[in-house]
Every structure is written in structure tokens, then in C-alpha cells.
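This one's a predicted model, so the numbers in the text were calculated from it and none came from an experiment. Position 1 is the first residue of the sequence, and the numbers go up from there. Note that ligands are numbered from 1 as they come in the structure, with each ligand's atoms numbered from 1 the same way.
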Amino acid sequence: MSTIAIIGAGLSGLALALALHQQNIPCTLYESRSAPLNIGGAIMLSPNALRILDQLGVYARILPSGYTFSHLYFRTSDDHPLDSYEFGSIPKYNYPGVRIYRHILIEELTAMVHEANIPIHYHKKFSRVLNESDTSVTWEFADGTTASAAILVGADGIHSTVRKYLYPDLEPQFTNAVGVTAAIPTSQLALPPSLPSEEEEEKTYPLPVTILNPTHGAFVIAPQHPTGSECLIGRQKHSPSLTRQQWTSLLTDESKSWCLDFLRDNATSYPAIVQRAVSSISPESVNLWPFYIVPRLESWCSDHARVVVLGDAAHAIPPSAGQGVNQGVEDVFTFACVVSRCGFGGDGDEGKLQKGLKVWQKGRQARVDRVVELNGQINRRRMPKQPGEGSEGMEEGMEPFELEWLYQPDFREMVEGWLGAEGL
Ligand SMILES: Cc1cc2nc3c(=O)[nH]c(=O)nc-3n(C[C@H](O)[C@H](O)[C@H](O)COP(=O)(O)OP(=O)(O)OC[C@H]3O[C@@H](n4cnc5c(N)ncnc54)[C@H](O)[C@@H]3O)c2cc1C
Ligand SMILES: *[C@@H]1O[C@H](CO)[C@@H](O)[C@H](O)[C@H]1NC(C)=O
Ligand SMILES: *[C@@H]1O[C@H](CO)[C@@H](O)[C@H](O)[C@H]1NC(C)=O
């Protein structure tokens, strides 16, 4: 029974299956939906995740479908450059930033999982763990059937059911902020033509951009599609706390009226580019993202180390640094390395696996903590200045963030370092 069961065939679950396969560890995926998730919108992948996806053979397959870029730009509500944030760099990290439609990434990962002959069972909704021993775990699905494995991994997202076994009472916390996004043709923005020379920079409009309005929130414009022919537009601001059901009903409303109003309201308080951006929006492209976080967990696995959570199930984090998906990719790759190095499926030193997973969690939590701290720094830096508190332009002495710790690591070496330090 030396197989690993993965609950959830989202980005973390699918990537985990490929990472385990690379370590010759058998696994099976169980997904509650009837088919691969196909929600609209693109996500951003940074060099830390792209290096891992490259090692898994995924990068070359997705790159032709992605839009590559190096920086996120920030502007004031009267349209002056304010700041920029590095999201990738081929010279520095070997990888650019890549924006890619989530459904393309999911489809490609699913195809690779099929090619590796890893089973995916759709329509299988995990409901609860029945029992756990030193060597195995048994659980039940919502249809009443049961299954067993050596390890059960919950990659089942922010509202994880597997996590309930470890933390029965824990609920994700709403952060009082919401994002609404849509997709428009880039031509609708009527952008100035890009000019090659640097002196002309003022006349170009660098994208992706976030325009910050102290009263009305942030407005994002980010190209997607390999040619940049389409742009995500998004608005992020404070919002009342609604139940999950109420959020769902806002999103499933055919006319999307609440979401469209959220995007359009007070557009005249933003530069003309924003007014053009919201002048025509197709309701089918609209997405709603209420920002929830999972409070810092004491442990990502059970005492016997037979039940584990990772990805959003373990540490959903706010979006400022764009690391949600990317941190999940780090989790799964390092998890597979640790489990393999601790002799999974071999002569079975159970203590070693338990210690290894503790070390894994400690190492991963330290990086997630740093990302959360970075989110805070980014948010503070972008807080609107009070009148008289200095100019609105790029501030004197505003150093770019040092991001090598985030983008540069080799994760196999990182795992060796974690284990070595504990004599494993
Ligand atoms: C609209 C929107 C936009 C976003 N944009 C970005 C972005 O630009 N960049 C970024 O980094 N992050 C973004 N995020 C966050 C990002 O989606 C998550 O960080 C990421 O999807 C987490 O991946 P995951 O695989 O851990 O979980 P999920 O993607 O949530 O996958 C969990 C999977 O588990 C399945 N599942 C759930 N419960 C069960 C069960 N009981 N049994 C079986 N299967 C189950 C689900 O159906 C799903 O397929 C966005 C989120 C939303 C909602
Ligand atoms: C766990 O539960 C299953 C199903 O009820 C049962 O068959 C199995 O013997 C149990 N294992 C242990 C170790 O209790
Ligand atoms: C538009 O601005 C007004 C005045 O500041 C505010 O009351 C209203 O909530 C804003 N609408 C949205 C959707 O933000």
C-alpha cells in the first residue's frame, strides 16, 4: 500500500502528482468536480515556480501559451509612475514572469498526469478520515465508499475538508477586501505606441500596471495571451463581509450586475485608460475573488504524519506579492523530495518520515512567513501619502525590493540543507 492519495486535482494536486512520479512514488488523484476546473482568468508564475515547473518538464510545454514580462508597474491616480516590482528576469534568474490562463495550465498538467499513467478519479469528493495508523490512513468519500493509502495529501484548496481532520474548528478569515476581474481586448485601451528609446519612456505606458486611488482602491491592467492581445482588468478594494453562499450568488448572477458595477463605479476618479478599460465588458469574462486567508497553522500534518495539507489548504495568503499559486508549487516539489529522501516505500523507517515532514513544514513555513511579510511591505509602500508628506512621484531612496531569496533558490539543494541540518 505504498501509494500516496492526493485530494484535489487543482494546480497543487496535479503538480504534486508529477513531482511524486519524478521520484518514482506511485500516487492517485481524487477530484470532487466532474471534469478539470475551467474558471476564467490568468495567473502569474514567478521564477521560483517556473524553475520547478521546468524540472518537471512543464515549463517548455506552457511557455508558448504564456505572456512574458519582467515588472509590475504602479502609478498614482493622476497617472504618474510611482514604483515597480520585479516579477521575473531572464538575466538574473533564468526565468521571466509568465501570465497564463489557469485552464491552459490545468489542461497541460492534466495531460502530463495522463501520460504518466497516474489515475485521476473525478466525481470523488473526500468527506472524512476514518482512522490512521503508523503506516496507513483510511478515509471515506461523500458517496460512502472508502479507500486507504500510505499518505493522504489534502491539496483541496482554501476551504479544505482534509484540513478539518487536523483543525475541526478552523475557518478561513475574510480580509475585508475583494477583487473583481474581467478580460477585454487590449485594443480597447487605445494605448500609445511603444517607443524604443528610453528618453521616450514617459510616452509609453508600461504594463502590467496597478493604478492606486486612495479612496476608490486599486485598478489593475495586465496583458495576457502570448501576444498580449487581451488584458485582464481588475479592481481591488474593501468590501462588506458576505457568506460563501452570498459570494457565489453574486458570481452566478447571469447579468453579473454587482461585479460590473464594482468594476465601473467611480471610473472618472481614475485616468482615462481606466475609463476606456471599463467602457465595454463582457459579463462571461467576469470573476470574483474575495480575499480569504488561512491563519498560520501549528502543523501541516497529523501526529503519525499520514495526513498532510499543502497549497492553499495549508497557507492561503493575500495576493499582493502574487505568490498564491507559486508557493503551492514550492510546497509540492519540496514535499516530493523530502518523502523520497526519507525512504518512502522502502524498508519503512516511520520515524524518519515523521521527522522529515516536520523539517519540510518548518522550512516551507519560514518561506511562507517571509512572503506574508513581503505582502505587508508592498502594501505599506503603496499606501497613499497624506498631503504634504512628500511628492507623489517615485520617492528618493526608495530601493527596489531584494527578491533573490524568493526567485533564485534551487529547491533540491534547499531540501538537502533542511534535512542535513537535522542529521537526516
Ligand atoms: C478569481 C481568482 C483569481 C486568482 N488569481 C490568482 C493569481 O493571479 N495569482 C495567484 O497566485 N493566485 C491567484 N488566485 C489564488 C489561487 O487560485 C490559489 O492560490 C490556487 O488556486 C491554490 O491552488 P490549490 O491547488 O492549492 O487549490 P485549488 O486551486 O483551490 O484546488 C483545489 C482542488 O481541490 C478540489 N476539491 C476541493 N474539495 C475537495 C474534496 N472534498 N474532495 C475532492 N476534491 C476537492 C477542488 O475542486 C479543486 O479542484 C486566484 C483565486 C481566485 C478565486
Ligand atoms: C480503518 O477503518 C477501515 C474501514 O472501517 C477498517 O477496514 C480498518 O480495519 C481500520 N483500520 C484500523 C487500523 O483501525
Ligand atoms: C463611489 O464613490 C462614492 C463616493 O466616494 C462611494 O460612496 C461609493 O461607494 C463608490 N462606489 C464604489 C463602487 O466604490
I want to confirm something. Looking only at heavy atoms, which of [options] is nearest to [atom]?
atom                    : options                        : value
atom 18 (C) of ligand 1 : Asp312, Leu16, Asp331          : Asp312
atom 17 (O) of ligand 1 : His159, His315, Gln323, Arg102 : Arg102
atom 31 (O) of ligand 1 : Gly10, Gly322, Ala49, Gly154   : Gly10

(message) Under a 4.0 angstrom heavy-atom cut-off, which atoms of ligand 1 come close to Lys124?
(response) 42 (N), 43 (C)
Quick check: does [X] get an N/O under 3.5 Å from an N/O on ligand 1?
X      : answer
Ala313 : no
Trp289 : no
Phe126 : yes
Lys125 : no
Asn326 : no
Glu31  : yes
Ser32  : yes
Ile43  : no

cation_pi([X], [Y]) dist<6.0 Å, angle<=45:
X      : Y      : result
Arg75  : Tyr205 : yes
Lys237 : Phe262 : yes
Arg364 : Trp300 : no
Lys124 : Tyr30  : no

(message) How about NZ on Lys125, more than 12 heavy atoms from neighbouring residues, nucleotides or ligands closer than 6.0 Å, or not?
(response) no
(message) Tell me whether atom 7 (O) of ligand 2 lies less than 4.0 Å from at least one protein heavy-atom position.
(response) no
(request) Give me the ring orientation class for His216 and Tyr270: parallel if the planes are under 30° apart, tilted from 30 to 60°, perpendicular past 60°. (result) tilted
(message) Looking at Lys355 and Glu422, is there a salt bridge between them, counting it only when a charged N and a carboxylate O are closer than 4.0 Å?
(response) no
(request) Please indicate whether any nitrogen or oxygen in Asn131 is less than 3.5 Å from any nitrogen or oxygen in ligand 2. (result) yes
